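Okay, so here's the structure we're looking at.
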Amino acid sequence: MSIFDVFKATQIKEENEGLKKFIDEIGGNDAVALKRTVDELENKLTDLNAQYRKRNDEIRLLDGQIAEKRNLLLVIDEDILLESFALYKPKFSFQSSDEYKKRLDLIRDKQKALIKNGQAVYGSQTWTVNNSKSEGKRWSTT
């Protein structure tokens with residue numbers, strides 16, 4: 001017997017003792033307990049895989065939303081840049097500035113009529129300040 005065989009035997013003995021200890025810790029001496037442990041671990045793995053797939057789906061959805069927001073941001077940035085040079089996108093389909101002016105005049109006439117008829121604004125005539133109607137009345141006249 002060589003000296004290498006002695007070292008190898010010692011190493012194997014230590015590994016064997018470590019494995020026995022591990023088997024005892026997980027209940028491996030009892031086949032039923034071991035089967036239960038394996039089943040529990042498989043169930044946990046199944047749950048974790050489902051969670052993983054769900055999170056990946058959420059990540060893909062969020063990545064898509066981020067890409068959409070980035071594209072929208074680029075469009076907005078471009079609009080802001082163009083507006084800084086006084087290049088505006090028309091919001092009305094008037095053919096001339098006279099048509100635009102006529103429409104503004106009509107809108108102003110309608111506003112004036114609403115004001116004269118008392119229909120321009122709705123609001124409470126009584127209000128409170130610090131839960132006090134008299135304070136509210138005092139503040140509304142200032």
Side-chain angles (χ1 to χ4, degrees), residues 3-142:
I3 191 157
F4 293 113
D5 290 336
V6 172
F7 286 124
K8 201 171 197 178
T10 304
Q11 181 184 3
I12 291 171
K13 184 178 177 184
E14 287 173 358
E15 286 177 10
N16 192 22
E17 288 173 6
L19 288 172
K20 282 182 183 179
K21 185 178 177 184
F22 177 71
I23 289 171
D24 287 341
E25 287 174 1
I26 65 168
N29 288 328
D30 183 7
V32 174
L34 183 58
K35 174 70 170 131
R36 235 180 280 130
T37 303
V38 168
D39 289 344
E40 289 172 10
L41 291 173
E42 285 177 346
N43 287 336
K44 285 182 182 179
L45 180 61
T46 301
D47 291 344
L48 289 172
N49 281 332
Q51 289 177 13
Y52 176 77
R53 285 189 298 275
K54 182 180 176 185
R55 296 294 184 250
N56 272 344
D57 291 344
E58 290 173 357
I59 288 170
R60 273 189 237 106
L61 177 67
L62 290 172
D63 283 343
Q65 290 175 354
I66 289 169
E68 288 175 18
K69 303 292 184 204
R70 281 187 179 143
N71 289 336
L72 183 60
L73 184 60
L74 290 174
V75 170
I76 291 170
D77 283 347
E78 182 178 320
D79 288 347
I80 290 170
L81 177 66
L82 292 174
E83 287 178 3
S84 71
F85 288 100
L87 298 174
Y88 300 100
K89 289 183 180 178
K91 295 185 179 174
F92 305 101
S93 58
F94 300 116
Q95 297 296 324
S96 68
S97 60
D98 286 336
E99 288 181 45
Y100 183 75
K101 184 181 178 315
K102 286 177 188 176
R103 182 64 184 260
L104 279 178
D105 289 339
L106 287 173
I107 291 171
R108 286 190 183 118
D109 289 341
K110 186 175 181 180
Q111 290 171 339
K112 288 176 188 177
L114 288 171
I115 291 169
K116 286 178 184 177
N117 296 331
Q119 297 174 324
V121 177
Y122 293 105
S124 174
Q125 296 295 320
T126 59
W127 53 289
T128 62
V129 173
N130 295 328
N131 292 323
S132 169
K133 287 185 180 181
S134 61
E135 280 288 307
K137 190 174 183 179
R138 187 172 68 85
W139 278 95
S140 67
T141 59
T142 56

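All of these numbers come straight from a predicted model, not from anything done at the bench. We number each residue from 1, following the sequence as shown.
The salt bridge (Lys or Arg N to Asp or Glu O under 4.0 Å) check on Lys35 picks up Asp39, with sequence neighbours excluded. In this structure Asp57 satisfies the side chain to side chain donor-acceptor pair (under 3.5 Å) test together with Arg60, sequence neighbours excluded. Legend: residues meeting side chain to side chain contact (heavy atoms under 4.5 Å, CB included) with Ile107, ordered by chain and number and at least two apart, are Arg103, Gln111. In this structure Val129 satisfies the side chain to side chain contact (heavy atoms under 4.5 Å, CB included) test together with Trp127, Glu135, Trp139, sequence neighbours excluded. Contacts of Asn56 classified as side chain to side chain donor-acceptor pair (under 3.5 Å), with partners at least two apart in sequence or in another chain: Tyr52. For Gln119, the side chain to side chain contact (heavy atoms under 4.5 Å, CB included) partners at least two apart in sequence or on another chain are Leu114, Asn117. Under the side chain to side chain donor-acceptor pair (under 3.5 Å) criterion, Lys102 pairs with no residue at all, not counting sequence neighbours. Checked against salt bridge (Lys or Arg N to Asp or Glu O under 4.0 Å), Glu99 has no partners two or more places apart in sequence or in another chain. Thr128 meets the side chain to side chain donor-acceptor pair (under 3.5 Å) test with no other residue; sequence neighbours excluded.
Here Gln65 contributes atom CD and Asp63 contributes atom CG; the two are 9.5 Å apart, rounded to the nearest 0.5 Å.
Residue pairs meeting the salt bridge (Lys or Arg N to Asp or Glu O under 4.0 Å) criterion with at least one partner in residues 107-119, sequence neighbours excluded, are absent. For residues 45-56, the pairs satisfying salt bridge (Lys or Arg N to Asp or Glu O under 4.0 Å) are Arg55-Glu58, with sequence neighbours left out.
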Return a table of donor-acceptor pairs under 3.5 angstrom between the side chains of residues 67-81 and protein atoms on other chains or two or more places apart.
{"from": "Asn71", "atom 1": "ND2", "to": "Ala67", "atom 2": "O", "distance (Å)": "3.4"}
{"from": "Asp79", "atom 1": "OD1", "to": "Lys89", "atom 2": "NZ", "distance (Å)": "3.4"}

